[in-house]
Amino acid sequence: IIDSLGAGGAEKAVLTLAKTMINLGHPVTIITADNIIEYDIDFDVNIHSLNFKKSRWEATYHKFGRKLRGLVDDLEAEFGHFELITSHLQKAHRLTALAKITNAFYCIHSTISQASLSGRSGLRLFFKRRKIKSFLDRKDIITVSKGSQDDLLSNVHVKPKTIRTIYNPVDFDSIKKLALEPNPYNHEKYIIHVGRLTEVKRHDILLKAYAKSNLDEKLLLLGDGPLKQKIYKLAVQLRIDSKVIFAGFHQNPYPILKHAKLYVATSEYEGFLIALVEALFLDIPVVSTNCPHGPDEILISALSEYLVPVGDIDKITEKIKEISLNPENAKLAIEQASLERFDANQIASEYINLCS
């Protein structure tokens with residue numbers, strides 16, 4: 001059960017998990033709140049949408065909670081009892097709680113205190129925290145990083161029934177095959193950023209560090225989002241617009257990622273950051289802000305050298321230039337990444353074990 005299948009990291013993780021479970025012989029049904037599918041789905045999975053209608057009234061959530069309950073009951077009557085039910089993202093969490101689906105696991109894909117509570121104080125903070133706690137307290141919870149688990153307990157003060165961390169799944173076999181397809185930017189030399197063009201990704205920091213580094217390589221932004229025009233205007237102000245490629249969203253990003261000289265992430269916070277794992281798998285040197293949470297659990301051992309403070313333009317610039325001049329040291333560090341921790345088959349098994 002998920003908000004939608006739009007072009008986001010949580011949505012991608014859910015599709016990877018579903019595909020892997022199906023390959024392991026477990027039928028899967030996906031229920032979306034919103035009728036949005038932006039990924040090409042190349043496997044046989046049942047998908048149903050509640051066609052959620054946005055409203056400021058709480059009664060709307062109760063209405064669609066009842067609709068979700070009815071749909072789950074109908075599906076179980078047709079196909080049999082679901083052995084495992086997972087809920088992903090906040091709208092789905094609220095609906096799952098209102099539907100009184102008591103055996104669901106609630107998967108947290110972000111740093112809730114940053115994503116939902118940041119910038120609030122006083123009564124606004126109190127009521128928002130209380131609303132989140134109302135559908136997460138006394139629930140079975142899965143977080144996609146240990147950092148987001150600590151945040152949920154310490155900063156949001158959720159009191160779960162159970163809580164555990166299971167990393168997002170990465171389908172390495174699929175990535176290896178997809179990366180062999182043609183790269184539409186093979187005539188360019190570029191460093192890359194992968195992610196939606198939103199506030200949390202801090203493209204302003206990225207562009208300023210890139211401008212300061214004065215590299216010959218272009219900067220390729222792989223993704224789309226509401227801040228595209230704002231980011232383009234900043235590129236113009238920094239006089240780097242001729243060197244920034246707005247590549248948009250690609251169903252298959254891997255040939256583009258594979259041929260990058262360097263992957264840079266400048267996020268203010270994350271839940272996990274799948275693209276960081278994917279870049280490492282494709283043997284691409286990386287630089288990432290040491291944001292809450294996820295990157296420091298991925299960039300371990302020698303790779304921790306490529307973590308930089310959030311918002312530190314000088315440090316990001318320094319690391320970008322260092323790797324561009326001497327990429328071999330960064331590539332040697334990738335050998336210590338222990339990427340098997342994120343293998344989709346391993347992660348699917350961890351979910352399947354929840355059924356026992």
Side-chain angles (χ1 to χ4, degrees), residues 179 182-198 200-225 227-250 253-268 270 273 275-291 295 298-299 302-334 337:
N183 173 19
Y185 299 98
N186 62 1
H187 58 288
E188 302 280 7
K189 292 183 179 180
Y190 53 86
I191 67 173
I192 194 169
H193 176 277
V194 181
R196 278 180 53 76
L197 308 183
T198 57
V200 65
K201 299 296 185 181
R202 293 307 302 267
H203 292 86
D204 57 328
I205 298 293
L206 175 63
L207 264 62
K208 289 173 184 176
Y210 170 73
K212 193 171 181 179
S213 68
N214 198 30
L215 293 174
D216 292 332
E217 292 85 0
K218 293 189 175 181
L219 173 63
L220 190 148
L221 304 181
L222 189 57
D224 214 338
L227 295 188
K228 183 176 180 178
Q229 287 302 315
K230 184 177 180 180
I231 295 166
Y232 177 74
K233 287 179 181 177
L234 178 58
V236 172
Q237 290 171 15
L238 294 170
R239 299 182 180 179
I240 56 172
D241 51 298
S242 64
K243 296 176 65 179
V244 179
I245 302 170
F246 288 83
F249 172 72
H250 284 250
Y254 303 114
I256 307 172
L257 182 58
K258 181 182 178 180
H259 291 94
K261 188 168 184 178
L262 167 67
Y263 169 84
V264 184
T266 49
S267 300
E268 199 164 85
E270 288 285 353
L273 197 50
L276 197 55
V277 178
E278 294 171 338
L280 293 170
F281 176 71
L282 291 172
D283 205 32
I284 307 303
V286 301
V287 173
S288 173
T289 48
N290 191 11
C291 65
I298 298 169
L299 300 184
L303 283 169
S304 63
E305 181 183 339
Y306 303 102
L307 289 167
V308 295
V310 175
D312 192 328
I313 295 171
D314 290 338
K315 281 289 185 183
I316 296 168
T317 303
E318 178 186 317
K319 285 297 177 185
I320 289 174
K321 291 175 70 174
E322 176 188 322
I323 293 175
S324 295
L325 294 171
N326 190 4
E328 292 310 312
N329 286 344
K331 287 196 173 188
L332 283 172
I334 294 173

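Contact record, A275 with Y263: CB-OH, 3.5 Å, taken as the closest heavy-atom pair. Contact between Y190 and Y185 at its shortest, heavy atoms only, is CE2-O, 3.6 Å. Contact record, I191 with V264: CD1-CG2, 4.4 Å, taken as the closest heavy-atom pair. Minimum interatomic distance between A330 and P285 (heavy atoms only, all atoms of both residues): CB-CB, 3.6 Å. Nearest heavy-atom pair, I284 versus A260, reported as atom, atom and distance to 0.1 Å: CD1-O, 3.5 Å. Shown here for A209 and I316, the closest heavy-atom pair between the two residues is CB-CG2, 3.6 Å.
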Report task. Output, in order, the C-alpha distance, side-chain angles, deciding distance and verdict of salt bridge (Lys or Arg N to Asp or Glu O under 4.0 Å) for K212 and E318. Result -> CA-CA 9 Å; K212 193 171 181 179; E318 178 186 317; over 6 Å; no

Query - Audit row: R202, V200, side chain to side chain contact (heavy atoms under 4.5 Å, CB included) steps and yes/no - result: CA-CA 5 Å; R202 293 307 302 267; V200 65; over 6 Å; no

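Crowding of D216 atom CG: a count of heavy atoms from other residues, nucleotides or ligands under 6.0 Å not exceeding 12. For K243, the NZ atom counts as densely surrounded, since its 6.0 Å shell holds more than 12 non-hydrogen atoms of other residues, nucleotides or ligands. By the 6.0 Å contact criterion, CZ on F249 is enclosed, its count of non-hydrogen atoms from other residues, nucleotides or ligands being greater than 12.
Considering CG of L276 and OG of S267, their distance stands at 9.5 Å, rounded to 0.5 Å. Atom CD of residue E270 and atom CD1 of residue I298 lie 8.5 Å apart, to the nearest 0.5 angstrom. Residue K315 holds its NZ atom at 14.5 Å from OG1 of T289, rounded to the nearest 0.5 Å. Atom CG of residue L197 and atom CD of residue Q229 lie 10.5 Å apart, to the nearest 0.5 angstrom. Between atom CD of residue E322 and atom OH of residue Y306 there is a gap of 5.5 Å, rounded to the nearest 0.5 Å. In this structure, CG on N329 lies 12.0 Å from NZ on K331, to the nearest 0.5 angstrom.
Taking the side chain as every heavy atom from C-beta outward, I256 and P184 approach each other to under 4.5 Å. Using a 4.5 Å cut-off on side-chain heavy atoms (C-beta onward), L206 and L221 make contact. The shortest side-chain heavy-atom distance between C291 and E268 does not fall under the 4.5 Å cut-off. L299 has its side chain within reach of S288: a pair of non-hydrogen atoms, C-beta onward, lies under 4.5 Å apart. I245 has its side chain out of reach of L219: every pair of non-hydrogen atoms, C-beta onward, lies at least 4.5 Å apart. Contact of the I231 side chain with the L207 side chain is registered, since non-hydrogen atoms from C-beta on lie closer than 4.5 Å. Inter-residue side-chain proximity for I192 and L257 is flagged as met; some heavy-atom pair is nearer than 4.5 Å. Taking 4.5 Å as the limit, some side-chain heavy atom of K228 sits within range of a side-chain heavy atom of F246.
A salt bridge is absent between E217 and K189; no separation between the charged side-chain nitrogens and carboxylate oxygens falls under 4.0 Å. One finds no salt bridge joining K258 and E278 here, because no Lys/Arg side-chain nitrogen approaches an Asp/Glu carboxylate oxygen to under 4.0 Å.
Checked options R196, K230, H193; the residue passing with H203 is H193 (criterion: side-chain contact (heavy atoms from CB on, under 4.5 Å)).
S213 places no side-chain N or O within donor-acceptor distance of the main-chain N or O of K321, the cut-off being under 3.5 Å. A side-chain donor-acceptor contact under 3.5 Å links K319 to the backbone of E305. Judged by distance alone, with hydrogens and angles left aside, the side-chain atoms of T317 form no donor-acceptor pair with the main-chain N or O of Y210 at under 3.5 Å.
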